[in-house]
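The figures here come from the full heavy-atom set of this structure, side chains too, leaving out hydrogens, waters and symmetry mates.
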Amino acid sequence: MTRPSIPKGTRDFTPAEMVRRNYIFATIRKIFELFGYQPIETPALENLSTLLGKYGEEGDKLLFKILNSGNYLEGIQNAFPDGEEAFSPASVKALTLLITEKGLRYDLTVPFARFVVQHQHELTFPFKRYQIQPVWRADRPQKGRYREFFQCDVDVIGSSSLLNEAELIQIIDQVFLALGISVSIRVNNRKILSGIAEAVGASGQLTDLTTAMDKLDKVGLEKVLEELLSRGLSPESVEKTAALLQWQGSQEELPVMLTEFLRDSVTGQKGLQEMAEVTEMAKACGLKNPLLFDLKLARGLNYYTGTILEVSSRDVEIGSICGGGRYDDLTGIFGWEGVSGVGISFGADRIFDVMAALNLFPEEMASATRALFINFGEKEVRHCIQWASRLRDAGISTEIYPDPAKLKKQMEYAHRKNIPYVILAGEDEIRSGFVSLKKMKTGEQINLSPDLLTDHLRP
RNA sequence: GUGGUCGUAGCUCAGUUGGUUAGAGCGAUAGAUUGUGGAUCUAUAGGUCGUGGGUUCGAGCCCCAUCUUCCACCCCA
């Protein structure tokens, strides 16, 4: 027999981990609801046609595809009529589409767009939804990078108001405040980036420009410029970009400089105006974490059109733990044009890693059980069953040890499960009409009437 | 997808230039304590050395392949 194992990049969660994960989910959910967002769920599987082409070429490669059921090779050769070889390396792409038509969801935003289009007549707009579910990516695993991980998304669709952006920033601030993680929130705007591309004369190469700029902090100016050249930008464009990237000034001066730099770009000006409005509104809410205008922030997903934002821990290096932005026409791909949405996604697994690294989990989360009845044998258990029911009716989570094991073993069970109270009701106690209540933390033990248990154990 | 890295008991790790029967700490189990958890002491169990090939008289150690881990790219939460 071989050792059992799980696929690369996936994980099991023990009770200790689940309690902590649930704490994160509960905190996030509570704040989402505080802002009026409602829950939905969508299937793990989507039609491949829903997913393909939404995340760029890289994204398509990272999709988990599900092999069709049955004899999926039947009639394959006929699909390549010109004597073309179905199983040659060149036809892999075409072959793939013939044998798989479903895939695991890659994120929650695209399924959400599909959901909105499909259910448009049942929904009230602006539609504010949240969704906490796993997503799958066929990426190569690393620290903080898994093949199955949970995202916690909030989106509002059907409203172009920048108030939504401001509120989302507020949600970010409150979530991380509640979890005890100190973060920096970086924002930018796709329109500003488009404006820059215009201003440096590289309008058609927005993605090339932004993905290279995004790496400035990591690889330095020289490498960025090299990359821009190798991506096919003209030397003049690169020179203008270099001038922009070398600019040094404060957050307050940045918009001033850009207003000048983007004076000929209508789009750029619009972006600056949006940025100013969003930051002003967000700051009016009294943020506890810093909000920074970061010109280099790009974000890969192509469907963003306005504000984009990304959040990272200030104490643990693990990449971004939350990100999102505005997309003006995501539903367009599913046949409903002109609906604007904005949303963000919290990476629950990375948040978990950050909290674990910083020891931020409250200590008292180890056990849900409050009291354990010791099992002294069949006769005694009869009594315990009734007392336990009464405790449970009062909302106190209670266990009866299932086997008449050695007392030492039962005590140890309580200790390990971090159960704060143990109730001993043996033959002697029951005969005298009381039970013995032991407080595990101090070891002290008192005798009391079973009727008083509820009062003593109420938290 | 590209390049590198790791794998020995449940966990963390030792293991000499390739040499007989692979070790430690923690943990587990049992007892010291016949109705009382954490500390102490004692004993016990637990390994086809990731897997499959190869080299060798002989492989945990060398070679190849493969899987896994972690890391850097790519990309991203």
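- Remark: the separation of the P atoms in G19(B) and C61(B) is 11 Å, to the nearest Å.
- N375(A) places a side-chain N or O within 3.5 Å of a backbone atom of Y401(A) that can act as its donor or acceptor partner.
- G9(A) comes within 4.0 angstrom of sugar-phosphate atoms only, judged by non-hydrogen atoms across all strands, and of no base.
- Under the 4.0 Å criterion applied to side-chain N and carboxylate O atoms, R231(A) and E227(A) are assigned as salt-bridge partners.
- Rounded to a whole Å, the CG atom of L62(A) is 13 Å from the P atom of U2(B).
- Rounded to whole angstrom, the span from the CG atom of D214(A) across to the P atom of A77(B) amounts to 11 Å.
- Between the P atom of C76(B) and the OH atom of Y55(A) lies a distance of 12 Å, rounded to the nearest Å.
- For the P atoms, the distance from U21(B) to U8(B) is 22 Å, rounded to whole Å.
- For the P atom pair drawn from U17(B) and C49(B), the interatomic distance equals 22 Å after rounding to whole Å.
- The same atom, C1', is picked in G53(B) and in U48(B); the two are 16 Å apart, to the nearest Å.
- Using a 4.0 Å heavy-atom cutoff across all strands shown, G59(A) reaches no nucleic acid atom at all.
- When rounded to the nearest whole Å, the span between CG of D153(A) and C1' of A77(B) equals 10 Å.
- S237(A) contributes no side-chain N or O that, together with a main-chain N or O of L233(A), makes up a donor-acceptor pair within less than 3.5 Å.
- One P atom belongs to A45(B), the other to A30(B), and the distance between them is 15 Å to the nearest Å.
- Between the P atoms of U2(B) and C75(B), the separation comes to 16 Å (whole Å).
- Listed by first and then second residue, the side-chain hydrogen bond (donor to acceptor under 3.5 Å, both in side chains) pairs involving residues 57-68 of chain A amount to none (not counting sequence neighbours).
- Pairing analysis of RNA chain B (Watson-Crick: purine N1 to pyrimidine N3 plus N6-O4 or O6-N4; G-U wobble: N1-O2 and O6-N3; both under 3.5 Å) yields stems of 3 or more pairs at B:1-4 with B:70-73, B:10-13 with B:23-26, B:28-32 with B:40-44, B:50-54 with B:62-66.
- The backbone N or O of K288(A) sits less than 3.5 Å from a side-chain atom of D173(A), completing a donor-acceptor pair.
- Evaluation of atom-type donor-acceptor distances gives no pair under 3.5 Å for the side chain of R140(A) against the base of U69(B).
- One P atom belongs to C73(B), the other to G7(B), and the distance between them is 24 Å to the nearest Å.
- When atom types are taken as modelled, the side chain of R137(A) and the backbone of Y106(A) share a donor-acceptor pair closer than 3.5 angstrom.
- Not a single donor-acceptor pair under 3.5 Å links the side chain of T10(A) to the backbone N or O of I6(A).
- Rounded to whole Å, the separation between the C1' atoms of U56(B) and G46(B) comes to 32 Å.
- Remark on RNA chain B: of its neighbouring residues A138(A) and D349(A), the 5'-side contact belongs to A138(A), judged by nearest-heavy-atom nucleotide.
- Of the candidates C73(B), A77(B), C75(B), C73(B) carries the atom nearest the Q142(A) side chain, counting heavy atoms from C-beta on.
- Cation-pi geometry between R186(A) and F293(A) is not met at under 6.0 angstrom from the ring centre and within 45 degrees of the axis.
- With F352(A) as the partner, the ring pair (Phe, Tyr, Trp, His ring centres under 6.0 Å) test is satisfied by one option alone out of F361(A), Y23(A), Y146(A), F346(A): F361(A).
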Check: Which letters describe nucleotides 26-38 of chain B, given B = protein heavy atom under 4.0 Å from base, S = only from sugar-phosphate, - = neither?
Finding: --SS-S---BBBB
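- Taking atom CZ on R11(A) and atom P on A77(B), their separation rounds to 16 Å, with Å as the unit.
- Straight-line distance from the CG atom of D107(A) to the P atom of A77(B): 8 Å, rounded to whole Å.
- In this structure, the CZ atom of R137(A) is 9 Å from the C1' atom of C75(B), given to the nearest Å.
- For the pair R21(A) and F13(A), the cation sits on the ring face: its NZ or CZ lies under 6.0 Å from the ring centre, inside 45° of the axis.
- With Y130(A) as the aromatic partner, R29(A) does not meet the cation-pi criteria of under 6.0 angstrom to the ring centre and within 45 degrees of the ring axis.
- In this structure, the NZ atom of K218(A) is 10 Å from the C1' atom of C76(B), given to the nearest Å.
- At least one side-chain nitrogen or oxygen of K8(A) sits closer than 4.0 Å to the OP1 or OP2 atom of U68(B).
- At a threshold of 4.0 angstrom between heavy atoms, the contacts of Y146(A) include nucleobase atoms, whether or not backbone atoms are also involved.
- When distances run from any side-chain atom of R350(A) to the nucleotides C76(B), G1(B), C70(B), the shortest one goes to C76(B).
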